[in-house]
Amino acid sequence: MRNIFFGIVIALVIVFGLRYCEHRKDATEQSALIQNELRNVSKLVVAEGTYAQVYTYEDFKTWYFDFLSAKKKALVIVNAQASIAYDLNKVETEVDEVSKTVTITGIPEPELTINPSIEYYDVQQDYLNPFGAEDYNKIKHQVEDSLRKTIQKSSLVTNAENRFISELQKIYILTHSMGWKLQYEEIKIESEADFYNFKQ
């Protein structure tokens, strides 16, 4: 009787041992597959837009208690190409085989690039106050600042965020289809819509 009992115990230990090893092997294979797919998702997501603006640049200089003054001005027409990019290679993740959890630990900031083409019209200047390199640099900085503010309020930002989120959602689809959990830092992601709760 004792031999039968020990035989049953040993058989159960072997069965559970084999199942545990099989489970660990599956988890390791799934982890390798997930890590490979995460690398495949890594790419540059870009939204592009075109902007046109018109500025009037003016500068006054005075001397001798405003007795003598000199003025310069120009009409500035700007056509600019702008892009917002998210580098998915910079998305940081951790894969835990034991709990079958993928954790997104870091999300990259969007990268805004502005390429303005500036043309000057109706340039007027006095002998005492001519246009110089400092004026052109000042105009360029003002143009870029103005464009940056315009772009931040435009649909380009939203379009870039939405494209970025749609790429992140692929991670959720992958992990969910394999029975794994996904979270962003401490926030559990239980649906594709949850990504909109932490968009940039």
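- Minimum heavy-atom separation, K72 to F131: CB-CE1, 3.9 Å.
- Between atom CG of residue L182 and atom CD1 of residue I173 there is a gap of 11.0 Å, rounded to the nearest 0.5 Å.
- In this structure Q152 satisfies the side chain to side chain donor-acceptor pair (under 3.5 Å) test with no other residue, sequence neighbours excluded.
- Around CD of E58, the count of heavy atoms belonging to other residues, nucleotides or ligands within 6.0 Å exceeds 12.
- Partners of D145 by side chain to side chain donor-acceptor pair (under 3.5 Å), not counting sequence neighbours: none found.
- Residues V78 and V54 form no side-chain contact, since every pair of their non-hydrogen atoms from C-beta on lies 4.5 Å or further apart.
- Connection of Y136 to I77 is not established within any shared hydrophobic cluster, with ILVMFWY side chains joined at heavy-atom distances below 4.5 Å, either directly or through further cluster members.
- When all heavy atoms of I151 and S154 are compared, the pair lying nearest together is O-OG, 2.7 Å.
- The line from CD1 of I189 to CG of D194 is 6.5 Å long, rounded to the nearest 0.5 Å.
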Report the C-alpha separation of V143 and Y55 in whole Å, then their side-chain angles, then the decisive distance to 0.1 Å, and conclude whether the side-chain contact (heavy atoms from CB on, under 4.5 Å) test is met.
CA-CA 8 Å; V143 163; Y55 301 89; 3.8 Å; yes
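- Checked against side chain to side chain donor-acceptor pair (under 3.5 Å), T56 has no partners two or more places apart in sequence or in another chain.
- With N137 contributing its side chain and E134 its backbone, the two residues share no donor-acceptor pair below 3.5 Å.
- Follow the hydrophobic side-chain contacts under 4.5 Å out from V123 and you reach V76 in the same cluster.
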Sequence neighbours excluded and cut-off under 3.5 Å, please list the side-chain donor-acceptor pairs for residues 110-121, or say none.
| unit_1 | atom_1 | unit_2 | atom_2 | d |
| --- | --- | --- | --- | --- |
| E111 | OE2 | K90 | NZ | 3.2 |
| E119 | OE1 | Y121 | OH | 2.5 |

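- Contact detail for E161 and Y86: the closest heavy-atom pair is CG-OH, 3.4 Å.
- By the 4.5 Å heavy-atom criterion applied to side chains, V102 and W180 are counted as neighbours.
- Minimum interatomic distance between S99 and D96 (heavy atoms only, all atoms of both residues): OG-OD2, 3.0 Å.
- For Q169, the side chain to side chain contact (heavy atoms under 4.5 Å, CB included) partners two or more places apart in sequence, or in a different chain, are I165, S166, E192, F195, Y196.
- Inspection of the Q124 and D122 side chains reveals an N or O donor paired with an N or O acceptor under 3.5 Å.
- For T150, the side chain to side chain donor-acceptor pair (under 3.5 Å) partners two or more places apart in sequence, or in a different chain, are Q53.
- Not counting sequence neighbours, the partners of T50 by the side chain to side chain contact (heavy atoms under 4.5 Å, CB included) test are Q81.
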Please step through side-chain contact (heavy atoms from CB on, under 4.5 Å) for the pair I107 and F164, ending with a clear verdict.
CA-CA 10 Å; I107 291 179; F164 176 60; 3.4 Å; yes
Set out, in order, the CA-CA distance, both residues' side-chain angles and the distance that settles side-chain contact (heavy atoms from CB on, under 4.5 Å) for T158 and L156, then state yes or no.
CA-CA 5 Å; T158 306; L156 187 66; over 6 Å; no
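- Residues that satisfy the ring-ring contact (aromatic ring centres under 6.0 Å, His included) test with Y51, not counting sequence neighbours, are absent from this structure.
- Separating the CG atom in L168 from the OG1 atom in T93 is a distance of 11.0 Å, to the nearest 0.5 Å.
- Judged as a side chain to side chain contact (heavy atoms under 4.5 Å, CB included), and not counting sequence neighbours, the contacts of K188 are Q183, E190.
- For the pair Y57 and Q142, the tightest heavy-atom approach, listed with the atom from each and the gap, is CD1-OE1, 4.0 Å.
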Stepwise, does the side-chain contact (heavy atoms from CB on, under 4.5 Å) test hold for I84 with V46?
CA-CA 6 Å; I84 298 177; V46 181; over 6 Å; no
